[in-house]
Participant: 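Below is one structure. I have some questions about it.
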Amino acid sequence: MNLRWDLQLQDTLSFSDESNNDYKRIESDFGGLGSLIVVLHSKDSLQNYTTAKSLAQMLRKDPLVHFVDFETDTDYYTRHCLLYIDESDLDSTINRIRPIRDKFISRNNPFYVDLDAGLDSSTEKEIEFRVNDLQEKYARIMNRSHSNPDGTIRVVEIYPTHPLTDLKASRELLSQTSTYLSAIIQGGDVQSYFTGKVFETIRRGRTLLPEAQLAGGLTALIILLLFVVNFYRQPQLIFISSVATALPIVYTLALASLLYGRINLYTLLLAIILPGQACQIVNHVYKRYFEERARNLSPQLCIESAILGIGPSTCASSCIMASLFACMMFVPLPGLQELAILGSLGTLINWMVTLLVATALLRVFQKSRPFSVNSFKINPSSHKVTLLPHRLNVVLIAIVSIISLVCLVYGGSNLKFFYDFSKTEIKKTTGTADSLLAQTGFPQYDPIIVETTSAEASTELYRNFEQLKKKGAIPNVQKMYTLAKTVPHASVSREQKLDTLEAFAKGIDVKDLDEKQKKAYDFMAEALSNRKVDDEDLPDNVKVKFSDKNGNRGVFSFIFHNIDPDDGLACRRLNENLDKIRGPEKEGILMTGEPVVRATVLDLILKNLDKTLWIGSFLVWFFLLMFYNRFSRAIFTLLPSVFAISWLLILIRLLGIELSFYSSLAFPLIIGASVDGSLQLWSAFYTKQAGTAITVLQTKFFGILLSQAASFIASFSLIISSHPGLRSIGQVLLLGLACIALAQFTTFPLIAGILDNYRIWKKKKESK
């Protein structure tokens, strides 16, 4: 009940107590790396502004809020516009003033005669003093950052103090903001809408959490239905099976709470996968128990026989599954490593607790009055099936082997992998807030946030950025803003141009200017008088953006890119560009942002997943050798898994399924799950040499089919998810489990049939 649900992709980059992760450290110093955006819409621009101002004043006192931004800094930039405008616009201003200055000088020159004085000329209009045009140009750009030109749309940007993925705090912030707005508006003609990353986080939580509960409930319901169908004649077994299946996942979630205190996007899979595995173990125990009870043995002996008969094979399959989970530790993605640790421990807990609880409850319920048992099976005596001829058996297994080899080579050689995050993440829904936001100049995506140890380090980083930009070495990076960059430091050429402009302005007699020109002249004179500024003169909201929560000024910088964040390959290229900006001395320079998070996840998974598959496959082989202590038996048990993987690969290619970094995680799970059925079949085959492959298949068919059905539950639960990434895992997992079931029920009788024919031939030869 106390588990925290961290279901964002960035949460997988760190453990809950990780301190060396860029995202976590920047979020700790900066505040939530995303904002709650309130869009106000009213026909009355003044009322719109006063509503935004009142809301900002209330929120600034709230401990949940780091800072609020709602108004532009027009006054500041107007007073210092000549220090910020492009030098080309400065040249244009000088060229406009030069003729006016020359005209005033000429008028005061007694030797100057204007021959065109009586002509109707438009020259005076063409050279009109229009410095105010620049004012309008830059003021219009600035005004549109948090509002539209007429002020009927106003944007309030709220940055939280808490981490973005703290759902409880985010919900509290949204609720508090709504309460403030209701008190301010009080029936006024102002409409409010919400958007932004905080709002999207809440929306995704509202989507994923109920879905996770639904998937868990659906898994439990289907497993319960399987138990009801199988044990409807013995209702006691329904209860026993349900308890034995439920307890291991409860213990695993408790372990997650103790170790990490959370469930992340990957460990969420355990709540669906582990109950299916527990159901398999329960089914195998009961199957063996049923067989022993059919021989009229006492419940105590039946229980002992079930544990001794099923314990080793289920232990081997559980160890194989646990080792596949453990191999995910080779992917240095903390969220996936949580899955590795919890998955391994959960699988072993599954085996131990399920065996212990199922058999203990069986003994308790049969202590006073043993009940008879029934199971679904085909009676071999009533359905005679003979072995295939030896040659036909050999030919068929040879054909299957060749086809599987072709499928493995052809299907595995050209698997399609897509990097489009729009197909793997929950899409942001657009609404009224976004359409209104588009009418302003408010940026539609977040920049890369950079944290350095000091303002001087940020300045040095900016110098490196400028050098790389001039060389064309960082094509995916457009601009970089630091506090030093925000405070204008006039270049030599700008200073010379400002000196020229000031000299021209002094050569103009203000008395001879008309009202419009005088207003423009006053604007220019004020701008020229404010040529010396430093970071103390900057507006408070600007200083806060570049400072951390402790007031250390200038430690943050912002980088704007030109890529689509949904393009995973472009994210990886951008990440390479950012590494160049960091330079060889990366210590103390932290960077994060949506493209960085996505590039990091891709790099960590794709560069290391093959280690998981290779080492996991080796461990499967190792545990099979340990279990059988015979090379040939391990090979026979492993062959159905190899066939199943080859068939899965060709199906993926033929169906045009593109793998993502999510769906690729299904392969270790498929490899781990592929051995259980084969182990049960071959264990029964080797322990009952009196029978044949056909009789073993007849007695084990329904039990293994039920176990496979339990494994399918996880796939169906994932497929209904609205998260495209989780849905893709379910899709590949479903195909893989179908191939496993088909391979086990087709290749086992063929291979075991060859062994039976050989055994029969050998006995005949010995009898002669």
Participant: Minimum heavy-atom separation for Asp29 to Glu451, with atom names?
Facilitator: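 So the two residues come closest at OD2-OE2, 2.5 Å.
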Participant: Would you call the rings of Tyr159 and Phe30 parallel, tilted or perpendicular if under 30° counts as parallel and over 60° as perpendicular?
Facilitator: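 The rings of Tyr159 and Phe30 stand perpendicular, inter-plane angle above 60°.
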Participant: Could you give me the CA-CA distance, side-chain angles and deciding distance for Asp566 and Tyr419, then say whether side-chain contact (heavy atoms from CB on, under 4.5 Å) is met?
Facilitator: CA-CA 8 Å; Asp566 285 334; Tyr419 298 86; over 6 Å; no
Participant: Can you find a heavy atom in the side chain of Gln176 that is under 4.5 Å from one in the side chain of Asp62?
Facilitator: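 Side-chain contact under 4.5 Å: yes.
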Participant: Can you tell me if CD on Gln47 sees more than 12 non-hydrogen neighbours from other groups inside 6.0 Å?
Facilitator: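 Yes, CD of Gln47 has more than 12 neighbouring heavy atoms, counting only those of other groups under 6.0 Å.
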Participant: For the side chain of Ser178 and the backbone of Leu174, is there at least one donor-acceptor N/O pair under 3.5 Å apart?
Facilitator: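 Present.
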Participant: Measure the shortest side-chain to side-chain distance between Ile559 and Pro447 over non-hydrogen atoms and say whether it is less than 4.5 angstrom.
Facilitator: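 Side chain of Ile559 against side chain of Pro447, heavy atoms only: no contact under 4.5 Å found.
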Participant: Nearest 0.5 Å, please: how far is CG in Leu59 from CG in Leu64?
Facilitator: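 Answer rounded to 0.5 Å: 9.5 Å.
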Participant: Using a 3.5 Å distance criterion without hydrogens, assess whether the side chain of Ser35 forms a donor-acceptor pair with backbone atoms of Ile37.
Facilitator: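 Such a contact is absent between Ser35 side chain and Ile37 backbone.
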Participant: Is there a donor-acceptor pair closer than 3.5 Å between any side-chain N or O of Thr600 and the backbone N or O of Val596?
Facilitator: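 A pair under 3.5 Å: yes.
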Participant: Does the side chain of Ser192 reach to within under 4.5 Å of the side chain of Leu181, using non-hydrogen atoms?
Facilitator: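 SC-SC contact between Ser192 and Leu181 confirmed.
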Participant: If only side-chain N and O atoms count, and only distance matters, is there a donor-acceptor pair under 3.5 Å linking Asp420 with Thr424?
Facilitator: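 Note: Thr424 and Asp420 side chains miss the donor-acceptor criterion.
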Participant: Is there a donor-acceptor contact under 3.5 Å linking the side chains of Thr452 and Ser458?
Facilitator: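 Yes, a side-chain donor-acceptor pair sits under 3.5 Å.
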Participant: Would you confirm whether Asp69, through its side chain, and Glu157, through its main-chain N or O, come within 3.5 Å as a donor-acceptor pair?
Facilitator: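 No, the answer is negative, given that no donor and acceptor are paired below the 3.5 Å cut-off.
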Participant: Using 0.5 Å steps for rounding, measure from the CD atom of Glu338 to the CE atom of Met328.
Facilitator: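 Between atom CD of Glu338 and atom CE of Met328 there are 13.5 Å.
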Participant: So that I can tick it off, tell me whether Arg573 and Glu576 are bridged by a salt bridge, with the cut-off set at under 4.0 angstrom between side-chain N and carboxylate O.
Facilitator: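 No, this pair does not count.
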Participant: Do Arg463 and Glu466 sit within salt-bridge range, that is, some charged N less than 4.0 Å from a carboxylate O?
Facilitator: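 Between Glu466 and Arg463 there is no salt bridge, as every charged N stays at least 4.0 Å from the carboxylate O atoms.
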Participant: Donor-acceptor check, side chain of Ser42 to backbone of Ser45, threshold 3.5 angstrom: yes or no?
Facilitator: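 A pair under 3.5 Å: no.
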Participant: Determine, stepwise, if the pair Phe465 / Gln467 fulfils side-chain contact (heavy atoms from CB on, under 4.5 Å).
Facilitator: CA-CA 6 Å; Phe465 159 77; Gln467 292 174 359; over 6 Å; no
Participant: As an exercise, state the distance from CD of Gln191 to NZ of Lys43, rounded to the nearest 0.5 Å.
Facilitator: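 One gets 9.5 Å once the value is rounded to the nearest 0.5 Å.
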Participant: Please confirm whether the backbone N or O of Ala455 pairs with a side-chain atom of Thr459, one donor and one acceptor, at under 3.5 Å?
Facilitator: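 Flag set: sc Thr459 to bb Ala455 pair under 3.5 Å.
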Participant: Is it true that the NZ or CZ of Lys53 lies under 6.0 Å from the centre of Phe70's six-membered ring and within 45 degrees of the ring axis?
Facilitator: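 Not flagged: Lys53 not positioned over aromatic ring of Phe70.
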Participant: To the nearest 0.5 Å, how far apart are CG in Asn464 and CD1 in Ile589?
Facilitator: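 The distance works out to 8.0 Å.
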Participant: What's the shortest heavy-atom distance between Tyr23 and Val597, and which atoms?
Facilitator: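 Taking Tyr23 first and Val597 second, the nearest heavy atoms are CD1-CG2, 4.0 Å.
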Participant: Ala473 and Lys580: which non-hydrogen atoms are nearest, and at how many Å?
Facilitator: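 Taking every non-hydrogen atom into account, O-NZ, 3.2 Å.
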Participant: Is any side-chain heavy atom of Leu40 less than 4.5 Å from a side-chain heavy atom of Val156?
Facilitator: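 Side-chain contact under 4.5 Å: yes.
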Participant: Looking at every heavy atom in both Gly335 and Tyr266, which two are closest together, and how far apart are they?
Facilitator: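 Looking at all heavy atoms of both residues, the shortest contact is C-CD1, 3.8 Å.
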Participant: Does Val450 reach the side chain of Phe558, with side-chain heavy atoms less than 4.5 Å apart?
Facilitator: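 Val450 does not reach Phe558 side chain to side chain.
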Participant: Are side-chain heavy atoms of Val477 and His561 found at a separation under 4.5 Å?
Facilitator: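 When only atoms from C-beta onward are counted, His561 and Val477 do not touch, as no gap falls below 4.5 Å.
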Participant: Roughly how far apart are Thr267 OG1 and Gln337 CD, rounded to 0.5 Å?
Facilitator: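 It is 13.0 Å, given to the nearest 0.5 Å.
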Participant: Please lay out, stage by stage, how Thr51 and Arg154 fare under the test side-chain contact (heavy atoms from CB on, under 4.5 Å).
Facilitator: CA-CA 9 Å; Thr51 301; Arg154 176 70 61 173; over 6 Å; no
Participant: Any salt bridge between Arg598 and Glu425, counting N to O under 4.0 Å?
Facilitator: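 No salt bridge links Arg598 with Glu425.
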Participant: Taking all heavy atoms of Ile581 and all of Leu461, pick out the closest pair and write down the distance.
Facilitator: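 So the minimum-distance heavy-atom pair works out to O-CD1, 3.3 Å.
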Participant: Describe, in one word, how the ring planes of Phe421 and Phe661 are oriented to each other, choosing from parallel (under 30°), tilted (30 to 60°) and perpendicular (over 60°).
Facilitator: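 The arrangement is tilted - the two ring planes meet at 30° to 60°.
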Participant: For Asn608 versus Pro332, what's the shortest heavy-atom pair and its separation?
Facilitator: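 It is ND2-CD, 3.3 Å.
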Participant: If we only count heavy atoms from C-beta on, is the Val190 to Asn48 side-chain gap below 4.5 Å?
Facilitator: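 Side-chain contact under 4.5 Å: yes.
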Participant: Under a 4.0 Å N-O cut-off, is there an ion pair linking Arg582 with Asp22?
Facilitator: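 Yes, charged N to carboxylate O under 4.0 Å.
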Participant: Is Phe560 close to Ile448 at the side-chain level, that is, under 4.5 Å between some pair of heavy atoms?
Facilitator: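 No; the side chains remain at least 4.5 Å from each other.
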Participant: State the CE-CG distance between Met480 and Leu578, to the nearest 0.5 angstrom.
Facilitator: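 These two atoms lie 9.5 Å from each other.
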Participant: Could you tell me if Asp579 and Asn577 have a donor-acceptor pair between their side chains, going purely by distance under 3.5 Å?
Facilitator: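 Absent: no donor and acceptor within the cut-off.
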Participant: Could you tell me whether the side chain of Gln186 and the main chain of Ala183 form a donor-acceptor pair under 3.5 Å?
Facilitator: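 Yes; judged by distance alone, with no hydrogens or angles, the pair exists.
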Participant: Say whether, by atom type as modelled, one donor and one acceptor occur between the side chain of Asn148 and the main chain of Gln439 under 3.5 angstrom.
Facilitator: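 Checking the backbone N and O of Gln439 against the side chain of Asn148, no donor-acceptor pair under 3.5 Å is found.
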Participant: With side-chain contact (heavy atoms from CB on, under 4.5 Å) as the test, would you mind laying out the steps for Ile184 and Met58 before giving the verdict?
Facilitator: CA-CA 10 Å; Ile184 294 168; Met58 289 183 173; 3.9 Å; yes
